Amino acid sequence: MTTGIDPDEVRRHLESALLVDTVRITRPTGTAVLDPDTGLVGAVPVEAVYEGAGAVLSGHGQVTAEGIVGRQWLDDTVSWYRLLTPLGAPLPARYDRVEVITTRASDSATRGRLWQVLDPSEVSTVELVRVTRLDEVTLR
């Protein structure tokens, strides 16, 4: 007989052990403007959607996250990166940008990198945390 998990207990554990970085989700609101003096394209104007606890996980990190719970709780779709945020965080939309602002680990490979949210229909809310598939952006 398989025993179930207590979603509230697992959620608290994931939030304290895994969602320890600060992530920022922004939504593009316009088009970048060309600077006529330099010939360079400026930044794309954005509005803040969310800034708070979260984690951006690689494929290996996703496997590790499942180990915290002790059973599979992420879906089987393959994604190089996923954003995990608390259930209270807003749902990102397609083309929203995700950036890791601060990390608990000083040598984190995710800090300062930029991702783009994939198809919003693939954003799901597991009873434990919000899970969003990401694609890395190489604009920087």
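Bear in mind the structure is a predicted one, so any value in this text is a computation, not a measurement. Sequential numbering from 1 along the given sequence is applied to the chain's residues.
The heavy-atom pair separating Arg11 from Leu87 by the smallest distance is NE-CD1, 3.3 Å. Residues Glu15 and Pro86 come closest through the heavy atom pair OE2-CB, 3.7 Å. Across all non-hydrogen atoms, the minimal contact from Val44 to Pro28 is CG1-CB, 4.0 Å. Between Val23 and Ala53, the shortest heavy-atom contact is CG2-O, 4.1 Å.
Rounded to the nearest 0.5 angstrom, Leu114 CG and Arg97 CZ are separated by 5.5 Å. Interatomic distance, CG of Asp35 versus CG of Leu40, reported as 7.0 Å (0.5 Å rounding). Here the CD1 atom belonging to Ile101 is positioned 10.5 Å from the CZ atom belonging to Arg111, to the nearest 0.5 angstrom.
Under the 4.5 Å side-chain criterion, counting only non-hydrogen atoms from C-beta, Arg113 is not in contact with Val56. For the pair Val117/Leu134, a side-chain contact is recorded, criterion being any heavy-atom separation below 4.5 Å from C-beta on.
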Worked verdict on Leu14 versus Leu84 for side-chain contact (heavy atoms from CB on, under 4.5 Å) = CA-CA 10 Å; Leu14 286 173; Leu84 276 60; over 6 Å; no

Evaluate side-chain contact (heavy atoms from CB on, under 4.5 Å) for Trp115 paired with Leu83, printing each intermediate quantity in order.
-> CA-CA 9 Å; Trp115 290 268; Leu83 168 68; over 6 Å; no

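Under the side-chain contact (heavy atoms from CB on, under 4.5 Å) test applied with Val49, the options Asp96, Leu91, Thr26 reduce to a single match, Asp96.
A side-chain donor-acceptor contact under 3.5 Å links Thr29 to the backbone of Pro45.
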